[in-house]
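To find a chain, count down the sequence lines: A is the first, B the second, and so on, and within it residues start at 1. No hydrogens, no waters, no symmetry mates; every other heavy atom, side chains included, goes into these values.
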Number of protein chains: 2
Amino acid sequence: MAGPQELDSRIIKALRGRGYKATPQRIAICRFALYSHKHPTAQRIYSEVKKAYPTVSLATVYNTIQILKDIGLLQEVCLSRDETRFDPNMEPHAHLVCLQCSSISDWRSPLILEIMKNVATEAGFMPKGQNFDIFGLCKNCSKSHIAISPSTR
Amino acid sequence: MAGPQELDSRIIKALRGRGYKATPQRIAICRFALYSHKHPTAQRIYSEVKKAYPTVSLATVYNTIQILKDIGLLQEVCLSRDETRFDPNMEPHAHLVCLQCSSISDWRSPLILEIMKNVATEAGFMPKGQNFDIFGLCKNCSKSHIAISPSTR
DNA sequence: GTATATGCAAATGTTTTGCATCATG
DNA sequence: CATGATGCAAAACATTTGCATATAC
């Protein structure tokens, strides 16, 4: 397991390696965006970083997000017009988005890669990336759903 | 094949059946949103309908889109923050989004349903809907890509 | 010391809302 | 003819931009 200071030095290395300055605000933003495992929104990152740096601006948050996208460490997950989230998991995977509690969890499946292969061989489409969102009820919420309305159909 | 007037009467039936009035603007909007096969944006629908109804407003377009979503004839496809499109194909399918020519085509695959089944049995997640976008180069664009830069890697 | 990043405020673009007028059923 | 829809303008948001000041290297 990587400790906090080890994560920070990874971040600093990644930024400097691409010619970006490793400012404290940027490091804090990267820490949350890359390692919080929360699929955060820009606002959420902003609120979080504000605790340590009260004068930080949304412009800086967006600027840093853009850098992370450019260097391939973060991708956008656009669930709906007003629900843009960011995801540091760059491997092909699906998001299980709970319509009740709004939780988002990652789901890895070899079938995703298989679909992308099929698309290439059968449609001549050359895939570069993907975003797969599955909307429904998570394990917890579907339990309580059954408990509350057992005869719904 | 359904003729234009047959499509219109389907639309009118769908609207009235749910207690909505079938105004000419609404019919024109539905016609384009449901049958143009273009995955249009709200602006695109607006421009198109403006040709026949120059005073139509974006508010009416959004209002009608909302109705179509409510009655299950249309869904949102959020490709990125400034690329919200609408899709009348309510069957599970993927979108092949070309990064070069911006074309979007539908891709049906039984593997998508299989993934949704796996998610249910293995993660206890009860899927209600999905959105799967695959970004890359379409058949045409990948051809010209190869032609222009044969040794790229 | 210099180039770059920050934070603020203003601008942008999409979607939503309020309301008086108008058209559908 | 009553209810609900339209079109306009203004409001609400997230995101981007411009610029003077501050900071990293």
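The distance from atom CD1 of A:Ile27 to atom P of D:dT23 is 15 Å, rounded to the nearest whole Å. Across the protein-nucleic acid pair, B:Leu58 atom CG and C:dT17 atom C1' stand 14 Å apart, rounded to whole Å. One can place CD1 of B:Ile29 at 10 Å from C1' of D:dT6, the figure rounded to the nearest angstrom. Atom P of nucleotide C:dT16 and atom CD of B:Gln66 are separated by 7 Å, given to the nearest angstrom. Distance, A:Tyr46 OH to C:dG7 P: 9 Å, rounded to whole Å. For the pair B:Ile65 CD1 and C:dT16 C1', the interatomic distance rounds to 13 Å; values are reported in whole Å. Spacing between atom OH of A:Tyr53 and atom C1' of D:dT23 amounts to 13 Å, rounded to whole angstrom units. In this structure, CZ of A:Phe86 is placed 12 Å from P of D:dA14, rounded to the nearest angstrom.
The list of disulfide bond (SG atoms under 2.5 Å apart) pairs with a residue in residues 100-138 of chain B, not counting sequence neighbours, is empty. Contacts classified as ring-ring contact (aromatic ring centres under 6.0 Å, His included) and involving residues 3-51 of chain B (residues at least two apart or in different chains) are given here: B:His39-B:His95. Counting only residues at least two apart or in different chains, side chain to side chain donor-acceptor pair (under 3.5 Å) contacts with residues 109-121 of chain B are absent.
Contact annotation: B:Asn63 side-chain N/O to D:dA5 OP1/OP2 distance is not under 4.0 Å. Close to C:dG7, at under 4.0 Å from its OP1 or OP2, lies a side-chain N or O of A:Gln25.
Other cluster members for A:Leu113: none, since no ILVMFWY side-chain heavy atom sits under 4.5 Å from it. Applying the under-4.5 Å side-chain rule to Ile, Leu, Val, Met, Phe, Trp and Tyr, the cluster around B:Trp107 extends to A:Leu96, A:Trp107, A:Leu111, A:Ile112, A:Ile115, A:Met116, A:Val119, A:Phe125, A:Phe132, A:Ile134, B:Leu96, B:Leu111, B:Ile112, B:Ile115, B:Met116, B:Val119, B:Phe125, B:Phe132, B:Ile134.
With sequence neighbours excluded, the residues that form a side chain to side chain contact (heavy atoms under 4.5 Å, CB included) with B:Pro88 are B:Leu34, B:Leu74. Remark: B:Ser80 engages B:Asp82 in a side-chain hydrogen bond (donor to acceptor under 3.5 Å, both in side chains) (not counting sequence neighbours).
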Close N or O pairs between protein and nucleotides 22-25 of chain C (under 3.5 Å):
from: C:dT24; atom 1: O2; to: B:Lys21; atom 2: NZ; distance (Å): 3.0
from: C:dG25; atom 1: OP1; to: B:Arg16; atom 2: NE; distance (Å): 2.8
from: C:dG25; atom 1: OP1; to: B:Arg16; atom 2: NH2; distance (Å): 3.1
from: C:dG25; atom 1: OP1; to: B:Ala22; atom 2: N; distance (Å): 3.0
from: C:dG25; atom 1: OP2; to: B:Arg16; atom 2: NH2; distance (Å): 3.0

Extract from the structure each pairing of a protein N or O with an N or O of nucleotides 8-14 of chain C at less than 3.5 Å, listing the distance.
from: C:dC8; atom 1: OP2; to: A:Thr55; atom 2: O; distance (Å): 3.4
from: C:dT14; atom 1: O3'; to: A:Arg81; atom 2: NE; distance (Å): 3.2

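Of the possible donor and acceptor atoms, one in the side chain of B:Ser142 sits under 3.5 Å from a partner among the backbone N and O of B:Lys139. A side-chain donor-acceptor contact under 3.5 Å links A:Arg81 to the backbone of B:Arg81.
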